Amino acid sequence: MAVLLAIGVLVGGVMGAAYARARRGWRDYQVTKDSVPGLRRAAWLLIRLAATKVGVVALLLVGAVAYAAVGPDHERAEPAPSPSPSSSATHGAPKGR
């Protein structure tokens, strides 16, 4: 009789532990399942924020390139004339000697 009681306690303990593990897993599953819609909304919000930032940066870059392509508003300065040799450099040298 004691052997049957020991086997019953052992089987009951194993079955009780398995039942507790199953209930804990089911509870974790339910909590995760209930949190998915909120997490999905948060993920889409973060994606939307990142896409907005990328869009703003892209628009700024396009604007900068367009501004650089058009050039400044003032008229460009004509090239300055090249300096001519000064007449004092030729006065001191004798000609034809």
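Because the structure is a prediction, the values reported are computed rather than measured.
- With contacts defined as side-chain heavy-atom distances shorter than 4.5 Å, the pair Gln30/Trp26 qualifies.
- The CG atom of Leu10 sits 8.0 Å away from atom CD1 of Ile7, with the distance rounded to the nearest 0.5 Å.
- Leu39 and Tyr29 fall into different hydrophobic clusters, where Ile, Leu, Val, Met, Phe, Trp and Tyr side chains are chained together by heavy-atom contacts under 4.5 Å.
- We find the CZ-OG1 distance between Arg48 and Thr52 to be 8.0 Å, quoted to the nearest 0.5 Å.
- In this structure, CG on Leu49 lies 13.0 Å from CH2 on Trp44, to the nearest 0.5 angstrom.
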